[in-house]
2 protein chains.
Amino acid sequence: MSTTKKRILNASRKLFNQQGLSAVSQRTIATHLKISPGNLTYHFKKRSEIIEGLYFELVEKMDHDFLNVEMEKGLFFGLYQLTQKSMENLFEYRFMMLDFIQVMREFPIIKKHYLKLITQREEQMQMFIQMMIQSGLMRKEEIKNEYQNLTRRMMILGDFWLASAEINREKMDKRQIEKYLEITSQVIYPYLTAKGKREYRKVERDS
Amino acid sequence: MSTTKKRILNASRKLFNQQGLSAVSQRTIATHLKISPGNLTYHFKKRSEIIEGLYFELVEKMDHDFLNVEMEKGLFFGLYQLTQKSMENLFEYRFMMLDFIQVMREFPIIKKHYLKLITQREEQMQMFIQMMIQSGLMRKEEIKNEYQNLTRRMMILGDFWLASAEINREKMDKRQIEKYLEITSQVIYPYLTAKGKREYRKVERDS
DNA sequence: TAGATATTAGTACAATTGCACTAATTTTAG
DNA sequence: CTAAAATTAGTGCAATTGTACTAATATCTA
């Protein structure tokens with residue numbers, strides 16, 4: 001990938017994060033980079049290609065972190081670490097999550113990929129819960145659809161913690177991520193057994 | 001309020017829900033109502049006045065439901081009923097929640113009001129939890145910030161269940177609300193005492 | 001009923017946007 | 001070194017949008 005192309009993606013990402021997707025036109029990006037609009041069109045024929053490019057950049061980073069998670073330190077530690085990495089990645093591409101619905105509506109390629117992704121993610125989460133139960137870290141279901149609904153809540157939190165943060169605070173910085181990591185991680189705590197809770201506390205202490 | 005004004009608000013709400021906020025221009029609305037753009041401008045000088053009008057319509061409905069909730073049937077029942085009503089209201093004005101960030105960015109009047117609202121709502125939720133603990137329905141805190149974080153998760157779920165539903169399903173209808181009512185209501189279940197859980201099941205059965 | 005007011009229609013305008021097109025310039029390859 | 005290819009600049013265009021403005025019509029009031 002050419003340098004200019006990289007520069008365009010990088011500048012676009014930052015501008016989108018700062019001003020929001022719809023507030024940043026191709027001219028905004030070109031002006032900011034001090035290149036001509038024609039040059040921008042040369043590298044990205046359509047505006048949508050920039051956003052799609054950024055989306056798949058993010059996906060790649062997420063995949064990379066997923067494959068390199070250290071699971072040997074225990075289920076909890078692995079999940080905690082992965083959540084943290086994911087949140088950091090999402091933060092760098094937060095415009096995508098802040099204008100999530102708009103993105104899904106305007107860019108069918110992204111929507112298609114994302115729908116496949118969440119199906120996958122939901123299955124992984126269900127499997128994770130099963131493993132936790134079998135390891136005696138998590139209690140069994142007590143009410144109907146309990147863990148299916150828990151999974152769904154985890155998905156919502158994962159997708160929209162950034163949007164919620166954006167609304168509540170004036171300025172979102174990296175330090176806020178820690179706070180939201182605590183908020184989302186604790187979602188699983190009350191379902192843990194005594195043994196699971198000890199493990200959980202250990203991970204929270206070490207992090 | 002004149003009939004035309006009401007018709008404009010109603011049509012706008014439906015068009016916004018269907019096509020998304022940014023896809024509906026004043027001309028779209030005027031054409032749909034078979035009135036002239038000039039007439040629309042007469043009733044709403046600025047486009048933002050329509051959205052602000054709709055926002056305060058929603059707020060009014062929410063307030064009304066909040067004041068008329070039947071609390072004599074128990075804490076749980078009251079909360080459950082209020083949640084249901086709120087979700088139904090939000091569904092009718094879902095464009096607002098689907099383009100939430102955009103709305104907050106573009107309409108400072110709405111943002112200002114909403115920020116005051118969530119502070120209030122968060123306090124109410126905290127108070128509700130304290131009442132539950134004192135009634136022996138909910139256990140005490142076990143880890144740091146546990147209920148503060150729970151409250152925050154409840155806020156996120158309340159604000160973004162619709163957005164999540166929109167992404168996952170092709171078409172969101174009223175019947176889906178029940179499902180998301182279950183998903184969000186269960187968030188409190190694992191924190192309940194044995195007594196609390198009995199109460200919870202009773203409410204879920206009766207609804 | 002007559003004049004005032006409220007409502008509606010129709011049009012115009014300036015600004016912005018995505019993108020296409022051409023020409024100039026730089027880089028690369030043989 | 002030179003021709004081809006890649007990159008960049010600059011300009012133009014059609015479409016859309018919010019909204020201002022004027023004139024026509026309908027409704028109300030005294």
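Naming convention: chains lettered A, B, ... in sequence-line order (proteins, then strands); numbering from 1 in each chain.
Under 4.0 angstrom from either OP1 or OP2 of C:dG10 there lies no side-chain N or O belonging to B:S36. The side chain of B:Y42 places an N or O atom within less than 4.0 Å of a non-bridging phosphate oxygen (OP1 or OP2) of C:dT7. The side chain of A:H43 contributes an N or O atom lying less than 4.0 Å from OP1 or OP2 of D:dT8. Proximity of B:T4 to the phosphate of C:dT8: a side-chain N or O atom is located under 4.0 Å from OP1 or OP2. Neither OP1 nor OP2 of C:dT17 sits under 4.0 Å from any side-chain N or O of A:Q26.
Remark: B:R152 engages B:E122 in a salt bridge, criterion side-chain N to carboxylate O under 4.0 Å.
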Test log, rule ring pair (Phe, Tyr, Trp, His ring centres under 6.0 Å), inputs A:Y191 and A:Y147: CA-CA 9 Å; A:Y191 297 95; A:Y147 285 149; 5.6 Å; yes

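Taking atom CD1 on B:I51 and atom P on D:dT17, their separation rounds to 14 Å, with Å as the unit. In this structure, the CG atom of A:N39 is 13 Å from the P atom of C:dT27, given to the nearest Å. When the P atom of C:dC19 is taken as reference, atom NZ of A:K46 falls 5 Å away, rounded to whole Å. Rounded to an integer number of Å, the gap from CZ of A:R27 to P of D:dG12 is 12 Å. Computed from coordinates, the A:I29 CD1 to C:dG18 C1' distance equals 12 Å when rounded to whole Å. Taking atom CZ on B:R47 and atom P on D:dA20, their separation rounds to 15 Å, with Å as the unit. Rounded to an integer number of Å, the gap from CG of A:L40 to P of D:dT7 is 14 Å. In this structure, the CD1 atom of A:I35 is 12 Å from the P atom of D:dG10, given to the nearest Å.
You'll find the ring centres of B:Y180 and B:F91 outside the 6.0 Å limit.
Between B:P37 and B:S2, the residue whose closest nucleotide on DNA chain C is further toward the 5' end is B:S2.
Between B:F16 and B:F95, the ring planes are tilted. Angles from 30° to 60° get that label.
When the ring-ring contact (aromatic ring centres under 6.0 Å, His included) test is applied to A:H32, no partner is found at least two apart in sequence or on another chain.
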